[in-house]
Amino acid sequence: MLTATLSTTTTHLAPAAEAVAPATACFFVVAAAEVGTMSRVLEVFALRSLLPSRWHSQRVGGRADEVHIDVQLDDVAPGEAEKLARKLRQLVEVRQVLITFKAVAD
């Protein structure tokens, strides 16, 4: 059974998470609205030859100084999704990364 706890810094998965079948990983990224932010976020996936199934971004904030990026990646193991989230958190522009999973429909 997969359990996830969302926080502003990390997601904790149960030890048996690696045994869980691949699912759709949903990443929610909050970052500074700078010229290269979206390309740097996409690069985390592209360097691993991963093509997101969904990408939506929106500038928000009082002066539109922040961007919210919603990325979905199909058929990814929870452990691999966690590695991607850690890489995203290492980007200078990124302020927060949340990750959740939805089961793949049969």
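One-based numbering along the sequence shown. Since this is a predicted model, take the numbers as computed values, not measurements.
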Sub-4.5 Å side-chain heavy-atom contact between [X] and [Y]:
X     : Y     : answer
Lys83 : Arg48 : no
Leu47 : Lys87 : no
Trp55 : Ile69 : yes
Pro52 : Leu42 : yes
Leu84 : Leu50 : yes

Here's a test for you: under side chain to side chain contact (heavy atoms under 4.5 Å, CB included), which of Thr100, Leu98, Val41, Val71 qualifies with Phe27?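 The option that passes is Val71.
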Within this structure, what is the [atom1]-[atom2] distance for the pair [X] and [Y], rounded to the nearest 0.5 Å?
X     : Y     : atom1 : atom2 : value
Asp75 : Thr24 : CG    : OG1   : 6.5 Å
Leu88 : Gln96 : CG    : CD    : 12.5 Å
Cys26 : Ile99 : SG    : CD1   : 8.5 Å

What pairs meet the side-chain hydrogen bond (donor to acceptor under 3.5 Å, both in side chains) rule with one or both residues in residues 59-69, with sequence neighbours excluded?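 Sorted result for residues 59-69: Glu66-His68, Glu66-Arg95.
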With sequence neighbours excluded, tell me which residues meet salt bridge (Lys or Arg N to Asp or Glu O under 4.0 Å) with Arg40.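 Only Glu93 meet the salt bridge (Lys or Arg N to Asp or Glu O under 4.0 Å) criterion with Arg40.
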Could I get the full list of side-chain hydrogen bond (donor to acceptor under 3.5 Å, both in side chains) partners for Ser57, not counting sequence neighbours?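 With sequence neighbours excluded, Ser57 shows a side-chain hydrogen bond (donor to acceptor under 3.5 Å, both in side chains) to no residue whatsoever.
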ring-ring contact (aromatic ring centres under 6.0 Å, His included) pairs, two or more places apart, involving residues 80-100: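 Residue pairs passing ring-ring contact (aromatic ring centres under 6.0 Å, His included), neighbours aside: none found.
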For residues 70-94, which residue pairs pass the ring-ring contact (aromatic ring centres under 6.0 Å, His included) check, not counting sequence neighbours?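 Found none.
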Smallest separation among heavy atoms of Ala23 and Ala103, with atom names: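 Taking every non-hydrogen atom into account, CB-CA, 4.3 Å.
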Can you give each donor-acceptor pair under 3.5 Å made by side-chain atoms of residues 28-37, sequence neighbours left out, with the distance rounded to 0.1 Å?
{"from": "Thr37", "atom 1": "OG1", "to": "Ala32", "atom 2": "O", "distance (Å)": "2.8"}
{"from": "Thr37", "atom 1": "OG1", "to": "Glu34", "atom 2": "N", "distance (Å)": "3.4"}
{"from": "Thr37", "atom 1": "OG1", "to": "Glu34", "atom 2": "O", "distance (Å)": "3.4"}

